[in-house]
Amino acid sequence: MSETSSAPTQADVAALQQRQRLSFDLDVDICVVGAGLAGLTVALEAARLGASVAVLEGRHVGWNASGHQLGTVMPGYGVPVGELIARIGFDDTRELWSLSKQGAEFVRAAAAKELMPSMALSEGALEVSNVDVGDRLISRLQMLSEDFETDVEGWQVDHVRDLLKTRRYFHGVYYPKAFQIDGRNYVHGLAALARRAGARIFEDTPAVSIDASGIRKRIVTPSARLRAGHIVLAGNIHLGAPLRRLWETLLPVWRYAAVTAPLGERLAEAITFQGSVTDSNGVDHFRIVEGDRLMWASPETTWEARPQRFAGAIAGRIRTIFPQLGKVEVAEVWGGAIGQTVHGMPQIGQLRRGLWVASGFGRQGLNTSAMAGQLIAGSILRGDDRWRLFSPFELVWAGGPAGRVAGQIVGMWGRGSAAAAGALARYRERARVRERIREARLAEANRQAGTAPRRRPPPGRPHPEHAPPVAANPGAGNGREPGFPT
Ligand SMILES: Cc1cc2nc3c(=O)[nH]c(=O)nc-3n(C[C@H](O)[C@H](O)[C@H](O)COP(=O)(O)OP(=O)(O)OC[C@H]3O[C@@H](n4cnc5c(N)ncnc54)[C@H](O)[C@@H]3O)c2cc1C
């Protein structure tokens, strides 16, 4: 986006040379509004299926989030699978999950060497827990691998900490088939593929109004008019005037990321895992790039700010998680706005005959926008109606400016309580270590004194000698440490 501090890449320069503005009237089968990941995937798929396609982009290809993401491709959605089952049932969740995997495979195929020569693929992504939740993890792992046919491994705390030398993380869920691409270049590769398939992409060409009432829809741009059988709205949080009510169903969240200067050997000592790492609270997301740099995304705001302002915050966050890295120099910072829906699921479907929406992909937009592109093009051109699986996730008003302020407060509160839960988990872990040392000392003292060890009460039940009066300590017996929030 305009505020990024990143220098133009080769792909940017090549894209600039191809930039074309729409200055003549046009009649097409499908008009796509927005040349981000979502719009370009619809365009590519529809052109491959034989439709005439025009993409209108108000700025340039990948101007917003799509050109500023970290390139981690995972299965699933921003909503935990257990929550989805509770909302729409097991069978539909299973189908949605399978679609999300197809989306990831689409990205893999599109980014494959022969199609995008500069795209480096690397395998594996790890989701680490900030709290000690081994038991909960096991049932989730079972469900993902047995019911959702997804390759996953559960990693014990020791294994996670062998590879990521920090006490902040506990267990991990490893997805061996997740992968990373060069996030900032992928969108340009996608545009090249769409062009090659016959789609026409017009940049610096905002759609300023649409009339979707007739069989042939009308789209107005500053210097031309289009007619199309179908319109696909893929403008994310910047859609604005053409369909203000749709635009108001998204909460914009600006997310900021950075790449550090080379960190040399100290990085290899702190991190030996080569894939992407995300924490279970959705706060930190990082991986090693170019051998000894860290790429790290973390801060978020619900208003647009200069990414450079967050360089210090990102360096501070890295130091908090990996203090052994010492002072970290940030080489480059950038940001992009994601569209967050109230229910957390993307908006994919037909709003009225011939008027489609593909937006609200949140922090996990690579696999989900690819899936949206396949579903919408497949429906328009082949009658595939699986997009209806998203119908339970209706368009919900995000609350306008007041909702955005509320969103920031809820986000801060969520991150704050996640930090407190992490602190509690680390406290408990330290307490367990202290307890083990104390027991070892006691056993040694007993051995030397020739006295028998005292029997411990069964877990969860306080020792009768130490049981506090119930009314005086309501937290006793429920596993909570007094004085800590849960
Ligand atoms: C820092 C960061 C890191 C991320 N990392 C990852 C990651 O590792 N993995 C992952 O899966 N996801 C990641 N994401 C999320 C992902 O980038 C987004 O979900 C995805 O890019 C959204 O794509 P989109 O096409 O919906 O929106 P956008 O990228 O916003 O594209 C929409 C386009 O529409 C154009 N537009 C809007 N209105 C109009 C109009 N009226 N006329 C013409 N054009 C219009 C805009 O100019 C824009 O270019 C990350 C996001 C950020 C910000």
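For ligands, and for the atoms within them, numbers begin at 1 and follow the listed sequence.
For a threshold of 3.5 Å applied to N or O pairs, the pair formed by Leu37 and ligand 1 contains at least one separation below that value. Taking distance alone, with nitrogen or oxygen atoms compared against 3.5 Å, Ala297 stays at or beyond that limit from ligand 1. Considering backbone and side-chain atoms alike, Ala207 places an N or O below 3.5 Å from some N or O of ligand 1. Taking distance alone, with nitrogen or oxygen atoms compared against 3.5 Å, Ile338 stays at or beyond that limit from ligand 1. No N or O atom of Gly336 sits closer than 3.5 Å to an N or O atom of ligand 1. Ligand 1 has a nitrogen or oxygen under 3.5 angstrom from a nitrogen or oxygen of Thr72. At a 3.5 angstrom cut-off on N or O pairs, Gln69 does not count as close to ligand 1. For the pair Gly39 and ligand 1, the shortest N or O to N or O distance does not fall below 3.5 Å. Not a single N or O atom of His68, backbone or side chain, sits closer than 3.5 Å to an N or O atom of ligand 1. Considering backbone and side-chain atoms together, His238 places an N or O closer than 3.5 Å to an N or O of ligand 1.
In Ser369, neither the side chain nor the backbone holds a heavy atom less than 4.0 Å from any atom of ligand 1.
Between atom 36 (N) of ligand 1 and the options Ala178, Ala337, Gly235, the minimum heavy-atom separation is to Gly235. With Gly62, Gly362, Ala65, Ala358 as candidates, the residue nearest to atom 19 (O) of ligand 1 on a non-hydrogen basis is Gly362. The residue from Arg184, Gln180, Glu203, Arg363 that puts a heavy atom closest to atom 13 (C) of ligand 1 is Arg363. Compare Pro206, Gly58, Gly36, Gly67 by their heavy atoms: the one nearest to atom 44 (N) of ligand 1 is in Gly58.
Side chains of Thr72 and His285: a donor-acceptor N/O pair is present below 3.5 angstrom, by distance only. A donor atom on one side chain and an acceptor atom on the other are not found under 3.5 Å apart for Gln274 and Ser122.
Ring orientation note: the planes of Tyr169 and Phe286 are close to parallel, at an angle under 30° on the 30°/60° scale.
Checked for salt-bridge contact, Glu300 and Arg363 meet the test: a charged N lies under 4.0 Å from a carboxylate O.
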